[in-house]
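Okay, so here's the structure we're looking at.
Computation of the quantities below employed the complete heavy-atom set of this structure, encompassing side-chain atoms and omitting hydrogens, waters and symmetry-equivalent molecules.
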Amino acid sequence: MKFKHQEWIIEADIAKLQAAMEAGVVSAEDLVAAYLERIHKYDIDINAILEINPEAIDIARALDVERKEKGSRGSLHGIPILLKDNIDTADKMHTSAGSVALAGSFAAKDSFVAAKLRSAGAVLLGKANMSEWSNFLSSSMPAGYSSRGGLVLNPYGPGDVFVSGSSSGPAAAIAANLAAASIGTETAGSIVGPASQHALVGIKPTVGLVSRTGVIPISVSQDTPGPITRTVTDAAIILGALTGVDDKDEATFSSEKHAFTDYTPFLDKSFIRQARIGVPRYYYNHLDAERLSIMEDAIQTLKNEGATIIDPVTLYVEQQNWNNDVICYEFKKGLNAYLSQVDDSVPIHSLQELIAYNESHAEIALQYGQDTLTRSEGVTLTEEEYQQKKQEYRELALEQGIDYVLEQHSLDALLLPGDVDGMYIAARLGYPLITVPAGYVDQGIIDADGDPTRGPFGVVFSGKAYSEPTLLSIAYGFEQATQHRVPPQLE
């Protein structure tokens, strides 16, 4: 095997990996072997990987033969990618949403996302751990915990530094260089939150840009898969591979005239000189001094790069109390539909059966209870009431939220801190977000060597539906001007 130095893949982006394979320096099989070596060496400390695809090496070998005989399929040919454990794959990997109740569940066919990645030539390396049921199990469960996989830890400070939302496993794995990239899912902050806390780039696409078919659901109006990577360029590459209209997901119908199969042409760092970016200060009020300093530095960087900053701007739904019955209604309906089609060998086929299973296996399934599940099962909205409340929320968010403030000030984007507080308005509308590393904060904890533990923190750019090209341009310009990402020290 030509590829003998595992260290070569640390921080290697997709272009570097692809160039090395094209030059014959390494093979896809070599890359898979190298990432597996890192997983076996380092994942014991962060618990990001739930299972490895037992077919990964064979898939990589077949792709290597194909490259020699027919040429490359494109940028993702032979690139090892991890999937969050709520994304169906028709292979020997389970899909469980982190739950012991689905520990033996194999999907009958690929999700739309998995099929797109396979078609592009990616190697599906494994499934990443996650917050069980995408954090819709219990209000007291810590982020990153699942009954099947245990607790995900942040490689920048295992046990000390926050992992954030439910895509914590996909984020921790990519931060630790355990794969080239990963696919997470977001309902409200579950891609951008973990990416921000792991010095990564995360894109929560517009709902409808990427199909949800074959993804264990939370909310039909908010759910979306998206890439988690170490660079904006890699995120753009993967996003283009995932788009497409899917007859089984009506939300994708609206994307037909707005989607691109290649987002890399929008990586124009000069765009930032013409960008108008708003600062909604309400979402900065809770920040401690260090995080606020990071945000102020980011604002100054954008100014230095030529952007016009409008500070402050006000979203008039900032203090709106959202009624969670809507999302509970969607969760119950969507989960019942998903569970109804799992194999007969699986012990649960409805939300009600899931709750009963957890109660009868409480020792392993209910370390933190299941009040969110029981609340969802007990939701009493009628279909008519649900549709009315959903429309009211959308109208309020449109009239007094993101669209309102962007149009009022002729803005291209809003700049938000990289935690979940500012994500909910975008989530309610299904609007896109992208996070980029912005710095590091002292967590106030001393590690074994007597040094302060440093935790990453990112900035988030928010815009209108299908504004991914603009957000990528701004994010790329900010990334190129700052280069804040530093890998964690795992030795």
Side-chain angles (χ1 to χ4, degrees), residues 1-49 51-53 56-57 59-61 63-64 67 72 75-82 121-126 128-129 152-158 161 163 169-182 194-195 197-201 227-235 237-238 437 440 447-449 451 453-456 479-480 482-491:
M1 188 170 80
K2 299 177 183 178
F3 186 68
K4 296 181 180 180
H5 301 291
Q6 181 212 107
E7 292 76 13
W8 184 84
I9 62 173
I10 297 175
E11 298 297 286
D13 60 21
I14 290 172
K16 181 178 180 180
L17 298 176
Q18 201 59 246
M21 286 188 286
E22 279 293 297
V25 176
V26 299
S27 65
E29 180 183 355
D30 293 337
L31 293 182
V32 169
Y35 282 122
L36 291 180
E37 183 180 346
R38 282 190 64 80
I39 289 169
H40 294 145
K41 184 175 182 180
Y42 295 116
D43 192 52
I44 191 171
D45 295 322
I46 60 177
N47 203 33
I49 310 300
E51 64 182 291
I52 297 297
N53 186 351
I57 290 290
I59 293 170
R61 287 173 179 163
L63 287 166
D64 286 332
R67 184 188 293 271
S72 171
S75 297
L76 293 183
H77 190 113
I79 300 296
I81 294 178
L82 290 164
V123 179
L124 305 188
L125 185 62
N129 200 2
V152 177
L153 302 177
N154 191 316
Y156 286 92
V161 178
V163 297
I174 303 311
N177 284 274
L178 304 186
S182 67
Q197 297 292 334
H198 290 82
L200 297 171
V201 175
I228 298 175
T229 63
R230 289 180 288 270
T231 70
V232 175
T233 300
D234 284 358
I237 290 170
I238 294 175
Y440 301 82
D447 66 17
D449 297 323
D451 298 319
T453 299
R454 302 286 288 176
E479 175 196 55
Q480 295 303 301
T482 56
Q483 299 291 337
H484 278 299
R485 175 161 169 82
V486 177
Q489 299 297 313
L490 300 179
E491 298 295 344

Mind checking the [atom1]-[atom2] spacing from [X] to [Y]? Nearest 0.5 Å is all I need.
{"X": "Ile174", "Y": "Leu82", "atom1": "CD1", "atom2": "CG", "answer": "5.5 Å"}
{"X": "Gln480", "Y": "Thr233", "atom1": "CD", "atom2": "OG1", "answer": "6.5 Å"}
{"X": "Leu178", "Y": "Lys41", "atom1": "CG", "atom2": "NZ", "answer": "12.0 Å"}
{"X": "Asp43", "Y": "Arg38", "atom1": "CG", "atom2": "CZ", "answer": "11.0 Å"}
{"X": "Leu76", "Y": "Asp234", "atom1": "CG", "atom2": "CG", "answer": "9.0 Å"}
{"X": "Glu7", "Y": "Asn177", "atom1": "CD", "atom2": "CG", "answer": "11.0 Å"}

Find out whether [X] and [Y] are in side-chain contact, i.e. whether some heavy atom of one side chain is under 4.5 Å from a heavy atom of the other.
{"X": "Leu200", "Y": "Pro437", "value": "no"}
{"X": "Leu153", "Y": "Asp45", "value": "no"}
{"X": "Asn129", "Y": "Ile49", "value": "no"}
{"X": "Pro155", "Y": "His198", "value": "yes"}
{"X": "Thr229", "Y": "Ile238", "value": "yes"}

Report task. Using atom types as modelled and distance alone, determine if a side-chain donor or acceptor of Glu29 lies under 3.5 Å from a backbone N or O of Ile57. Result ->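 Not a single qualifying donor-acceptor pair exists.
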
Distance-minimising heavy-atom pair for [X] and [Y]:
{"X": "Ala128", "Y": "Gly169", "result": "CB-C, 3.8 Å"}
{"X": "Ser27", "Y": "Asp64", "result": "CB-OD2, 3.3 Å"}
{"X": "Ala175", "Y": "Tyr156", "result": "CB-CE1, 4.1 Å"}
{"X": "Tyr440", "Y": "Ala199", "result": "OH-CB, 3.7 Å"}
{"X": "Ala56", "Y": "Val123", "result": "O-CG1, 3.8 Å"}
{"X": "Ala180", "Y": "Ile79", "result": "CB-CG2, 3.5 Å"}

Practice problem: Could you check Val163 against Gln197 for side-chain contact (heavy atoms from CB on, under 4.5 Å), going step by step and ending with a plain yes or no? | Solution: CA-CA 6 Å; Val163 297; Gln197 297 292 334; over 6 Å; no

Practice prompt. For salt bridge (Lys or Arg N to Asp or Glu O under 4.0 Å), just list the numbers for Arg67 and Glu22, CA-CA rounded to whole Å, side-chain angles, deciding distance to a tenth of an Å, and then say yes or no.
Written response: CA-CA 8 Å; Arg67 184 188 293 271; Glu22 279 293 297; 2.4 Å; yes

(message) Does Leu17 form a side-chain contact (heavy atoms from CB on, under 4.5 Å) with Leu31? I'd like the steps, not just the answer.
(response) CA-CA 8 Å; Leu17 298 176; Leu31 293 182; 3.8 Å; yes

Using the rule given for side-chain contact (heavy atoms from CB on, under 4.5 Å), can you reason through Ile81 versus Leu125, listing the C-alpha separation, both sets of side-chain angles and the distance that settles it, and then say yes or no?
CA-CA 5 Å; Ile81 294 178; Leu125 185 62; over 6 Å; no

- Query: In terms of side-chain geometry, is the basic nitrogen of Glu11 or Lys16 positioned less than 4.0 Å from the acidic oxygen of its partner?
  - Reply: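 Not counted as a salt bridge, because no side-chain N and carboxylate O are separated by less than 4.0 Å.
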
Only one of Val26, Asp30, Leu63 passes side-chain contact (heavy atoms from CB on, under 4.5 Å) with Met21; say which it is.
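Per the side-chain contact (heavy atoms from CB on, under 4.5 Å) rule, the option paired with Met21 is Val26, out of Val26, Asp30, Leu63.
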
